[in-house]
Amino acid sequence: MFRKSPEKRADEEAMQAQVDRLKALSPEALALEIMPTLGSDELKKRITGVRVQDVCTATLGGFKSSLAVNTGVLLLPVKEALQRLEHANLIMQMANGIDQSTKWRITTTGEQALSDGSVAAKLGQPAS
């Protein structure tokens, strides 16, 4: 009935490849990937923090949403990466009493680490 355009199909394939790549990373490597997202002006302006889903969406920012690509498979790996960042004092959890969700926000230490390029060292990872 309905056929996807070659451009739409290519976008979905690229998004799936990115989801697969991120999912295959170690928690520490994924933490390095999502840290700049957490330090972005877009997410920092949300004073009460951002949900895990927001981090996933922002990390995949160059891709348009597609029902053909299951980004939900990133939720657990991203949660684990967020935990690594929290243990390194680069982000903090922000409990939200309104909807009972956990939200995350970059810390001053995290902003400094992004600025001086020391995020990998703070996570005990070799600099890339």
Side-chain angles (χ1 to χ4, degrees):
M1 297 253 167
F2 295 103
R3 290 203 170 148
K4 293 180 186 176
S5 70
E7 295 84 16
K8 176 84 171 164
R9 204 174 8 239
D11 287 348
E12 287 177 353
E13 288 171 4
M15 184 176 184
Q16 185 63 57
Q18 179 68 343
V19 167
D20 293 343
R21 184 187 74 78
L22 292 171
K23 186 177 167 211
L25 294 174
S26 70
E28 292 78 11
L30 184 54
L32 290 173
E33 291 266 343
I34 65 175
M35 187 62 183
T37 301
L38 289 161
S40 69
D41 289 338
E42 174 65 29
L43 295 190
K44 282 191 333 188
K45 73 180 179 184
R46 299 185 196 173
I47 301 300
T48 60
V50 295
R51 300 172 312 134
V52 174
Q53 295 90 333
D54 299 327
V55 175
C56 293
T57 300
T59 301
L60 293 168
F63 297 100
K64 294 185 175 124
S65 181
S66 168
L67 294 175
V69 179
N70 179 7
T71 58
V73 298
L74 289 177
L75 292 176
L76 287 176
V78 168
K79 284 180 182 180
E80 196 168 351
L82 290 168
Q83 183 181 43
R84 298 298 200 283
L85 293 168
E86 181 186 25
H87 287 249
N89 297 318
L90 301 173
I91 63 171
M92 62 182 163
Q93 280 190 48
M94 312 229 357
N96 184 339
I98 297 170
D99 62 6
Q100 303 298 313
S101 65
T102 300
K103 295 190 177 183
W104 303 88
R105 179 148 176 70
I106 192 168
T107 62
T108 306
T109 303
E111 288 179 350
Q112 182 62 45
L114 275 176
S115 175
D116 65 23
S118 65
V119 173
K122 298 234 185 255
L123 289 169
Q125 297 295 298
S128 45

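In this text the structure is predicted, and so the values were computed from the model without any measurement. All residue numbers refer to positions in the sequence shown, counting from 1.
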Please report the shortest heavy-atom distance between [X] and [Y], naming the atom on each side.
X	Y	answer
Ala81	Pro27	CB-O, 3.6 Å
Met92	Thr107	N-CG2, 3.8 Å
Leu90	Ala113	CD2-CB, 3.8 Å

4.5 Å side-chain heavy-atom contact, [X] and [Y]:
X	Y	answer
Lys122	Met35	no
Leu60	Leu22	yes
Ile106	Leu43	no
Arg105	Lys44	yes

**Request:** Check whether Leu76 and Val50 end up in the same hydrophobic cluster, where Ile, Leu, Val, Met, Phe, Trp and Tyr are linked by side-chain heavy atoms less than 4.5 Å apart.
**Result:** no
**Request:** Could you list the residues that satisfy side chain to side chain donor-acceptor pair (under 3.5 Å) with Gln83, not counting sequence neighbours?
**Result:** none
**Message:** Going by side chain to side chain donor-acceptor pair (under 3.5 Å), name the residues that satisfy it together with Ser115, two or more places apart in sequence or in a different chain.
**Reply:** none
**Prompt:** For the atom pair CD (Glu86) and NZ (Lys79), what is the distance rounded to the nearest 0.5 Å?
**Reply:**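 Glu86 atom CD to Lys79 atom NZ measures 13.5 Å (nearest 0.5 Å).
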**Spatial distance of atom CG (Leu38) from atom CG (Leu114) [nearest 0.5 Å]** = 8.5 Å
